[in-house]
Amino acid sequence: MSTVFDVTSLARENIRKLVPYMSARRLGGNGDIWLNANEYHAAPDFQFSEKTLNRYPECQPAAVIQRYADYAGLLPEQVLVSRGADEAIELLLRTFCEPGKDAVIFCPPTYGMYGVSAETFGVAQKKILAGSDWQPNITAIKNNLDNVKLIYICSPNNPTGNLISSSALRQILELASNRAIVAIDEAYIEFSPQNTTTHWLKEYPHLVILRTLSKAFALAGLRCGFTLASADIIALMLKVIAPYPLATPVADIAAQALTAQGIRAMQERVEETIANRAYLQDALDKLILVEKVFPSETNYILVRFTNADFVFRTLWDQGIILRDQQKQPELENCLRITVGSRSECEQLITAIDALCKQNQQVQETENP
């Protein structure tokens with residue numbers, strides 16, 4: 001008589017206990033206005049022109065590498081392309097961290113994949129809570145550097161939207177000198193390009209910068225990201241990257257997006273998004289259900305409501321999908337709102353304003 005075998009018993013214990021990162025698509029929803037994944041509201045028009053799908057692609061497509069190097073002002077040997085910046089986050093762990101021995105530092109509230117990836121690879125996590133202004137706690141980082149090989153800093157930070165000050169970044173880089181890699185995640189830097197740290201690469205050989213085409217380039221579905229670093233770091237990462245990380249159609253479209261025309265189109269999208277962000281911030285600030293609108297240097301806004309659950313669920317039922325951030329430390333009653341088209345922003349404000357009036361009527365009925 002056969003017995004039922006529980007295959008999960010073969011999995012590593014940390015994986016059995018792992019709480020996976022819940023992306024916007026995994027969380028689901030059924031709506032017309034998607035403001036939960038920091039995507040651009042319209043798809044750019046690219047045509048796939050390659051006719052070589054019978055052949056394996058280049059590991060590092062030359063045209064993509066050269067064009068991104070030109071865009072970032074670097075040499076091609078300082079650039080690595082991967083399946084989104086998420087793969088780069090994992091490549092750094094695989095390259096520099098010994099499972100069960102080394103640790104990583106990151107500063108919640110921040111991007112959830114730093115912790116999930118570290119847990120997946122059996123690397124210890126040191127979570128150093130950010131201060132009230134969302135800046136890193138430099139003293140706490142200094143006191144927790146034992147066994148740390150990798151520090152992730154997101155700037156502009158997701159989900160808070162703020163830049164990490166250049167002085168804080170420099171302090172962290174100085175503390176980590178000769179002992180750890182500092183990975184600055186610049187996924188949203190096109191919305192604040194003057195604050196990039198690419199020009200620091202000559203000064204700090206342990207600096208790594210993560211980039212993506214998902215946000216300002218409006219190519220989230222392409223899954224194409226970049227690592228910018230010294231040639232030595234890139235060479236190490238190339239030892240562990242998959243043999244063919246970019247599909248041929250991805251490389252083809254990425255190369256098109258990085259032409260002068262593609263970059264101009266991206267910059268126009270950024271200008272539009274910044275204008276819509278200003279409109280949205282101003283309109284949200286006038287609503288009685290809104291407690292605080294946090295400043296943003298990105299394509300999204302973090303908002304603290306008087307009752308985030310009520311706003312989130314009611315809008316969800318109306319087909320307006322936002323991102324709930326209340327499980328992140330210090331983000332009680334906070335929702336993250338992607339800056340959509342002007343029409344989407346206006347519909348969002350109209351919907352929340354209706355909730356405000358509904359809430360006010362209830363209060364007047366209860367307290368005549």
Side-chain angles (χ1 to χ4, degrees), residues 40 44-92 95 181 183-270:
Y40 187 67
D45 185 18
F46 292 107
Q47 302 299 317
F48 173 53
S49 58
E50 287 287 341
K51 305 298 181 184
T52 58
L53 292 180
N54 59 309
R55 302 294 183 189
Y56 287 110
E58 296 176 86
C59 176
Q60 295 290 288
V64 177
I65 294 293
Q66 184 63 62
R67 289 178 187 178
Y68 203 89
D70 292 342
Y71 168 63
L74 300 173
L75 298 172
E77 55 264 35
Q78 294 179 276
V79 179
L80 177 143
V81 64
S82 60
R83 291 168 288 196
D86 288 327
E87 183 180 26
I89 290 169
E90 294 194 351
L91 286 173
L92 288 170
T95 303
I181 298 296
I184 300 179
D185 188 340
E186 292 188 348
Y188 298 92
I189 200 64
E190 276 80 13
F191 299 97
S192 185
Q194 69 276 15
N195 291 292
T196 182
T197 55
T198 50
H199 53 289
W200 292 3
L201 286 169
K202 291 181 181 179
E203 187 176 353
Y204 298 108
H206 59 306
L207 170 61
V208 170
I209 298 164
L210 305 181
R211 294 283 192 86
T212 184
L213 298 186
S214 294
K215 311 304 179 185
F217 282 89
L219 290 169
L222 200 65
R223 307 311 303 131
C224 185
F226 296 87
T227 302
L228 313 178
S230 70
D232 289 339
I233 289 177
I234 297 300
L236 287 168
M237 295 176 70
L238 283 170
K239 289 185 175 185
V240 299
I241 198 169
Y244 312 109
L246 251 62
T248 297
V250 173
D252 186 356
I253 294 170
Q256 294 178 53
L258 292 165
T259 61
Q261 180 181 355
I263 291 170
R264 282 195 302 272
M266 175 273 291
Q267 292 167 339
E268 290 172 1
R269 283 190 291 270
V270 168

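For the numbers below, each heavy atom of this structure counts, side chains included, while hydrogens, waters and symmetry mates do not.
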A.B. asks: Kindly check if the number of other-residue, nucleotide or ligand heavy atoms within 6.0 Å of CD (Q261) is above 12?
C.D. replies: no

A.B. asks: Looking only at the side chains, is there a donor atom on one of R223 and S214 sitting less than 3.5 Å from an acceptor on the other?
C.D. replies: yes

A.B. asks: If I take atom CZ from residue F226 and atom CG from residue L74, how far apart are they, to the nearest 0.5 angstrom?
C.D. replies: 12.0 Å

A.B. asks: Nearest 0.5 angstrom please: L80 CG to Y68 OH, how far?
C.D. replies: 12.0 Å

A.B. asks: Does any non-hydrogen side-chain atom of F217 lie less than 4.5 Å from one of T212?
C.D. replies: no

A.B. asks: Can you tell if the side chain of L210 reaches within under 4.5 Å of the side chain of L92, non-hydrogen atoms only?
C.D. replies: yes

A.B. asks: If you round to the nearest 0.5 Å, how far is CD of E77 from OG of S230?
C.D. replies: 10.5 Å

A.B. asks: For D252, enumerate each residue passing the salt bridge (Lys or Arg N to Asp or Glu O under 4.0 Å) test, keeping only those at least two apart in sequence or located in another chain.
C.D. replies: none

A.B. asks: For the pair T196 (side chain) and P193 (backbone), establish whether a donor and an acceptor sit closer than 3.5 Å, ignoring hydrogens and angles.
C.D. replies: no

A.B. asks: Can you find a heavy atom in the side chain of P245 that is under 4.5 Å from one in the side chain of C59?
C.D. replies: yes

A.B. asks: Considering only heavy atoms from C-beta outward, does the side chain of R211 approach that of V79 to under 4.5 Å?
C.D. replies: no

A.B. asks: For residues L53 and F48, determine if any side-chain heavy atom of one lies less than 4.5 Å from a side-chain heavy atom of the other.
C.D. replies: yes

A.B. asks: Going by heavy atoms in the side chains, are R269 and P44 under 4.5 Å from each other?
C.D. replies: yes

A.B. asks: Compare every heavy atom of L91 with every heavy atom of V240, then report the nearest pair and how far apart it is.
C.D. replies: CG2-CD2, 3.8 Å

A.B. asks: Is any side-chain heavy atom of I241 closer than 4.5 Å to a side-chain heavy atom of E87?
C.D. replies: yes

A.B. asks: Any sub-3.5 Å donor-acceptor pair from Q78's side-chain atoms to L75's backbone N or O?
C.D. replies: yes

A.B. asks: Could you tell me how the ring of Y188 sits relative to the ring of F191: parallel (under 30°), tilted (30 to 60°) or perpendicular (over 60°)?
C.D. replies: tilted

A.B. asks: With I233, which of L207, T227, L228, I181 fulfils side chain to side chain contact (heavy atoms under 4.5 Å, CB included)?
C.D. replies: I181

A.B. asks: Does any non-hydrogen side-chain atom of L246 lie less than 4.5 Å from one of C224?
C.D. replies: yes

A.B. asks: So, taking the atom named CD1 in I253 and the one named CZ in F46, what distance separates them when rounded to the nearest 0.5 Å?
C.D. replies: 7.5 Å

A.B. asks: Which heavy-atom pair separates A242 from R83 by the least distance, and what is that distance?
C.D. replies: CB-NH2, 3.5 Å

A.B. asks: I need the Y40 OH to M266 CE distance, nearest 0.5 Å.
C.D. replies: 12.5 Å

A.B. asks: Using modelled atom types only, decide if a donor and an acceptor are shared between the side chain of E186 and the backbone of T197 within a distance under 3.5 Å.
C.D. replies: yes

A.B. asks: Without placing hydrogens or testing angles, list every side-chain donor-acceptor pair under 3.5 Å for residues 60-67, not counting sequence neighbours.
C.D. replies:
{"from": "Q60", "atom 1": "OE1", "to": "V81", "atom 2": "N", "distance (Å)": "2.8"}
{"from": "Q60", "atom 1": "NE2", "to": "V81", "atom 2": "O", "distance (Å)": "3.0"}
{"from": "Q66", "atom 1": "NE2", "to": "D70", "atom 2": "OD1", "distance (Å)": "3.0"}
{"from": "R67", "atom 1": "NH1", "to": "A255", "atom 2": "O", "distance (Å)": "2.6"}

